[in-house]
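Note that the structure is a prediction, hence the values are computed from the model and not measured.
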Amino acid sequence: MTDAMTDETRASRFPFPILIVDDNRLLRTMLETSLKSAGYDVVMAENGKEALEIFNKGYYPIVMTDWVMPEMDGLELCRAIRADCSGRYTYIILLTSQDSKNDVIAGLEAGADEYLVKPAHQVELLTRLKTAKRILDLESSLKKSLEEIGNLSRVDTLTGVYNRRYLDERLSPEIKRAYRYERALSLILVGINDFSGITSAHGHYAGELALKGCADVLTESIRRDIDWLARYDDDRFVVVLPETDASGAMILAKRLRIRIASMALKLYDKEIKVNAAFGVAGFTATQQKEGMTPHILLDKADRSLREAQEEGGEMIKGVQLH
């Protein structure tokens, strides 16, 4: 065993198999032996076409491929991998006996990240794999950071629920899903009564407290991973209820009305009472009669809420659309 294959190398074992592509059985076997002795898992293919089929069926963040092969050569394989739209990054090491400057440039332009002249020296091979792992770790961290930034842009910072942007993005696909499976879909528009009166009497922080309290109650009262909640505007929330018709949404609205009215919001030595009105709109989708849109559904829920608020108190109004 060489110095490169220490216990430290084994301890940092790569969690995914490395895809080796080479039409030379002897060189494939040599690479397999070297990598397995260093703690790596290996999957092998004889040419680019076979490798691409394997690649499309699994997850291989590191691919080591020969350049000259029958059916599909290494450059074609590089281009095919780079055309992958899965969003995952693959580090490609091109194995070649062609080490001229022009050949190296051609390989890099085809999408390779690195190249090795074969037969690869084992210490150099393992060093290049450490570099690949480091690049993949950086890529993963960057992707995670971008996802977190994207999520933050869709979350209301005060209440912690989704914002209007997320509602606008997701409601249309939710309606399409209802039509695809011919299921019901409903909205509950929740409006805090006399919100301006709360802020006038107790201050801006009291309004924030009321909004956060309502958001928490609504979040706790809906089905996890099925229903979802967004802040609609200053003092209103919308609860989206897949596979629920208007009558089911009305039942939930009654429970929400009781829970919101039961909140005990403490502001210094005062207790602030909050109540809300509710507007419900729902429909049961059929593929024979399409035409529902986010605008229509939200408008009907808004009209129901306004009707409820005009009657005063903690009213609930709703409509089942056809």
Side-chain angles (χ1 to χ4, degrees), residues 1-56 58-84 86 88-143:
M1 182 179 296
T2 68
D3 292 338
M5 294 178 289
T6 62
D7 290 339
E8 181 181 356
T9 303
R10 291 180 178 280
S12 60
R13 176 171 175 168
F14 195 59
F16 303 102
I18 295 174
L19 179 58
I20 295 175
V21 193
D22 200 313
D23 62 329
N24 187 307
R25 179 180 296 180
L26 176 60
L27 291 176
R28 284 203 314 272
T29 302
M30 290 172 60
L31 281 172
E32 179 186 23
T33 301
S34 295
L35 295 180
K36 284 188 173 181
S37 65
Y40 291 97
D41 290 329
V42 175
V43 172
M44 295 190 293
E46 294 185 3
N47 56 62
K49 183 179 179 181
E50 180 185 355
L52 190 59
E53 292 175 356
I54 295 172
F55 178 83
N56 288 331
Y59 182 44
Y60 303 93
I62 298 179
V63 175
M64 302 179 65
T65 178
D66 188 20
W67 183 321
V68 180
M69 296 180 293
E71 295 196 57
M72 176 186 282
D73 65 24
L75 298 190
E76 292 176 295
L77 177 60
C78 286
R79 295 188 188 100
I81 290 174
R82 289 291 174 248
D84 177 54
S86 65
R88 59 194 185 188
Y89 189 76
T90 302
Y91 194 93
I92 304 174
I93 300 175
L94 194 62
L95 303 171
T96 178
S97 57
Q98 307 176 67
D99 61 346
S100 74
K101 185 175 181 179
N102 288 339
D103 291 331
V104 171
I105 291 173
L108 296 176
E109 287 182 343
D113 295 280
E114 184 60 274
Y115 80 98
L116 276 173
V117 177
K118 60 180 187 179
H121 186 275
Q122 187 159 359
V123 174
E124 183 181 10
L125 171 64
L126 298 181
T127 300
R128 298 294 176 89
L129 288 177
K130 285 183 180 180
T131 299
K133 290 163 62 179
R134 185 167 64 250
I135 297 298
L136 289 167
D137 287 342
L138 289 171
E139 180 74 19
S140 178
S141 297
L142 176 60
K143 183 178 180 182

Trainee: Would you please name every residue forming a side-chain contact (heavy atoms from CB on, under 4.5 Å) with A80, sequence neighbours left out?
Mentor: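 side-chain contact (heavy atoms from CB on, under 4.5 Å) list for A80, sorted by chain: L52.
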Trainee: Could you pull out the closest heavy-atom pair between A112 and L94, with the gap in Å?
Mentor: CB-CB, 4.1 Å
Trainee: Within a strict 4.5 Å, meaning less than it, do heavy atoms of the L116 and R128 side chains meet?
Mentor: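 In contact.
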Trainee: Residues in side-chain hydrogen bond (donor to acceptor under 3.5 Å, both in side chains) with Y89, at least two apart?
Mentor: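 For Y89, the residues satisfying side-chain hydrogen bond (donor to acceptor under 3.5 Å, both in side chains) (neighbours in sequence not counted) are R82, D113.
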Trainee: Going by the rule side-chain hydrogen bond (donor to acceptor under 3.5 Å, both in side chains), which residues pair with R28 if we only count those two or more places apart in sequence or in a different chain?
Mentor: none
Trainee: Measuring from atom CD1 of I135 to atom CG of D137, what distance do you get when rounded to the nearest 0.5 angstrom?
Mentor: 9.5 Å
Trainee: Atom CG in L35, atom CG in L126: separation rounded to 0.5 Å?
Mentor: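 One gets 7.0 Å once the value is rounded to the nearest 0.5 Å.
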Trainee: Determine whether V21 and M69 satisfy the following criterion, side-chain contact (heavy atoms from CB on, under 4.5 Å), listing intermediate values before the conclusion.
Mentor: CA-CA 9 Å; V21 193; M69 296 180 293; 3.6 Å; yes
Trainee: At what distance, to the nearest 0.5 angstrom, does OG1 of T33 lie from CD of Q122?
Mentor: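 Reported value, rounded in 0.5 Å steps: 9.5 Å.
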Trainee: Going by atom type alone, with no hydrogens or angles, which donor-acceptor pairs under 3.5 Å involve a side-chain atom of residues 43-51 and a protein atom two or more places apart or on another chain?
Mentor:
unit_1, atom_1, unit_2, atom_2, d
N47, OD1, K49, N, 3.1
N47, OD1, E50, N, 2.9
E50, OE1, E46, N, 3.0

Trainee: Can you name the residues that form a side-chain contact (heavy atoms from CB on, under 4.5 Å) with S140, not counting sequence neighbours?
Mentor: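 With neighbours one apart ignored, the set is empty.
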Trainee: Could you tell me whether the side chain of S34 and the main chain of L31 form a donor-acceptor pair under 3.5 Å?
Mentor: no
Trainee: Quick one: are I81 and F55 in side-chain contact, heavy atoms under 4.5 Å?
Mentor: yes
Trainee: Out of Y60, Y40, Y59, which residue meets the ring pair (Phe, Tyr, Trp, His ring centres under 6.0 Å) rule with F16?
Mentor: Y59
Trainee: Of L129, L19, D22, V42, which meets side-chain contact (heavy atoms from CB on, under 4.5 Å) against M64?
Mentor: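 Running side-chain contact (heavy atoms from CB on, under 4.5 Å) over L129, L19, D22, V42 with M64 returns exactly one hit, L129.
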Trainee: Can you run down the salt bridge (charged side-chain N to carboxylate O under 4.0 Å, His left out) pairs that involve residues 58-69, sequence neighbours left out, and say none if there aren't any?
Mentor: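 Counting only pairs at least two positions apart or across chains, the salt bridge (charged side-chain N to carboxylate O under 4.0 Å, His left out) contacts touching residues 58-69 are D66-K118.
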Trainee: Between G107 and L75, which heavy-atom pair has the shortest distance, and what is it?
Mentor: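 Closest heavy-atom pair between G107 and L75: CA-CD2, 3.7 Å.
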Trainee: Looking at side-chain heavy atoms only, is the closest gap between T90 and I62 below 4.5 Å?
Mentor: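 T90 does not reach I62 side chain to side chain.
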Trainee: Show the nearest heavy-atom pair for residues P17 and P61, with the distance to one decimal.
Mentor: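 Closest heavy-atom pair between P17 and P61: O-CD, 4.3 Å.
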Trainee: Would you compute the distance between atom CG of N56 and atom CG of D84 and round it to the nearest 0.5 angstrom?
Mentor: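 N56 atom CG to D84 atom CG measures 6.5 Å (nearest 0.5 Å).
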Trainee: Please report the interatomic distance OH(Y91) to CD(E139), rounded to the nearest 0.5 Å.
Mentor: 12.0 Å
Trainee: Just verifying a value: how many Å separate E109 CD and R79 CZ, rounded to the nearest 0.5 Å?
Mentor: 9.0 Å
